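Below is one structure, written out as structure tokens; the observations come after it.
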Amino acid sequence: MTLPTDLLDLATRIAREAGDLAARRRREGLEIATKSVAADIVTAADKEVEAFIRAELERERPDDGFYGEESAAQESRSGITWVVDPIDGTVNYAYGIPAWAVSIAAVEGSADPATWTAVAGVVYNPVSGEMFRASRGGGAWLAGDRLSVTADVGAAGGLVATGFGYDPATHEPTLALLGRVMPIARDIRRIGAASLDLASVASGRVDAYYEKGTHPWDHAAGVLLVEEAGGMVGGAPGGRPGAGMVIAAGPGFYGRIADVLAPEL
Ligand code: IPD
Ligand code: CA
């Protein structure tokens, strides 16, 4: 049996090397292509970094599955699947905004966030050098500091992170969601990388995060960080986090934000 901490150590080593490779490629120049819509971009580095992560994982754990943003999925023979976003926050990466991350999670079960259990996860920002790490039952950590979500939110409301999809067709409903949240928010943050939004909830840098339309690799590691930091994470009413919705917050605020979002979901 593999311990979550062994998977975490492997993810940490690979994320650091992958992030440093991405940062090096960024200094050398950018090669950008368009994905689903004009605003949705991918760089040559996204693909190269995913290939690097995949090759390292295959070498160390050939029976594990793989589920990444930039290449075809591989089914697991061991019960463990790696869920990988080589560069989360690609638009920040392209513009030179220092808020992008490598996100790597090891999950048990099928490659579907509705059913899997994340057992280890890292979110690494190579620009700040911050490596957020969590293993199931082992807590969430940033360097030697154990992370915890904010306990409660005062009269000013919560500091709430969120995101907007690339597809212009989603902007109107996204703004309707924001309209529901503003009355309970002291302010909003749009950091530009879902994995860092979730790491921010885990470390108490924001009180909550919600977003509709994310992909499994955007939130697989970050959800575990929040849970291990004492937070709550969910999706559409009664559901688990997924494309329909991801909501993450401390226990003192989760119910309020979930309640205001529910009528729009
Ligand atoms: C995106 C970022 C962004 C979020 C989008 C994601 P990408 O990931 O996490 O913050 O709003 O939903 O798709 O494309 O940079 O890997
Ligand atoms: Ca990405």
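Counting convention: from 1, in listed order, for ligands and their atoms alike. This is a predicted model, so every value here is computed, not measured. Quick note: numbers below take in every heavy atom, side chains included, and nothing from hydrogens, waters or symmetry partners.
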**Close approach of V91 to ligand 1, heavy atoms, under 4.0 angstrom** = no
**Message:** Evaluate G192 for polar contact with ligand 1, using N/O atom pairs at a separation under 3.5 Å.
**Reply:** yes
**Item:** Nearest-contact summary for atom 13 (O) of ligand 1 - protein heavy atom, Å
**Value:** D218 OD2, 3.6 Å
**the Ca ion (ligand 2) to D85: nearest N/O/S atom name** = OD1
**Request:** Could you tell me whether the Ca ion (ligand 2) has an N, O or S atom of G89 under 3.0 Å away?
**Result:** no
**Message:** Hydrogens and angles aside, do S103 and D85 bring a side-chain donor and acceptor to less than 3.5 Å of each other?
**Reply:** no
**Asked** Between V246 and L261, is there a shared hydrophobic cluster once you connect ILVMFWY residues whose side-chain heavy atoms come closer than 4.5 Å?
**Response** no
**Prompt:** Where is the nearest protein heavy atom to atom 12 (O) of ligand 1: which residue, which atom, and how far?
**Reply:** E211 OE2, 2.7 Å
**Message:** With a 4.0 Å cut-off on heavy atoms, is G165 in contact with ligand 1?
**Reply:** no
**Prompt:** Just one of R25, R24, R26 clears the side-chain hydrogen bond (donor to acceptor under 3.5 Å, both in side chains) bar with E28, so which one?
**Reply:** R25
**Prompt:** Any N/O of G163 closer than 3.5 Å to an N/O of ligand 1?
**Reply:** no
**Message:** Please determine whether side-chain hydrogen bond (donor to acceptor under 3.5 Å, both in side chains) holds for the pair T162 and E211, giving the CA-CA distance in whole Å, both sets of side-chain angles, and the decisive distance to 0.1 Å.
**Reply:** CA-CA 5 Å; T162 189; E211 183 167 354; 5.6 Å; no
**Message:** Does any N or O of ligand 1 fall below 3.5 Å from an N or O anywhere on T90, backbone included?
**Reply:** yes
**Fill in**
If you compare D88, L198, T174 by their heavy atoms, the one closest to atom 9 (O) of ligand 1 turns out to be D88
**Prompt:** Side chains of S135 and T5: donor-acceptor distance under 3.5 Å anywhere?
**Reply:** no
**Prompt:** Counting N and O atoms only, with roles assigned by atom type, does the side chain of T81 sit under 3.5 Å from a partner on the main chain of F66, one being a donor and the other an acceptor?
**Reply:** no
**Request:** For the Ca ion (ligand 2), find the closest N/O/S atom belonging to E69 and write down its atom name.
**Result:** OE1
**Message:** Would you say that K212 contacts T174 through its side chain, given a criterion of any heavy-atom pair below 4.5 Å between the two side chains?
**Reply:** no
**Prompt:** Any donor-acceptor pair under 3.5 Å linking the side chain of Y93 with the backbone of A45?
**Reply:** no
**Prompt:** What atoms in ligand 1 come closer than 4.0 Å to a heavy atom of I87?
**Reply:** 16 (O)
**Message:** Taking distance alone, with N or O pairs closer than 3.5 Å, would you say E69 contacts ligand 1?
**Reply:** yes
**Asked** Under 4.0 Å from ligand 1, counting heavy atoms only, is it the side chain of A194, its backbone, both or neither?
**Response** both
**Asked** What atoms of ligand 1 come closer than 4.0 angstrom to any heavy atom of D85?
**Response** 16 (O)
**Request:** Taking the side chain as every heavy atom from C-beta outward, state whether I53 and W82 have any atom pair closer than 4.5 Å.
**Result:** no
**Taking atom 14 (O) of ligand 1 as the reference point, the nearest protein heavy atom with its distance** = Y166 OH, 2.9 Å
**Prompt:** Under the 3.5 angstrom rule, does the side chain of R240 hit a backbone N or O of W116 as a donor-acceptor pair?
**Reply:** yes
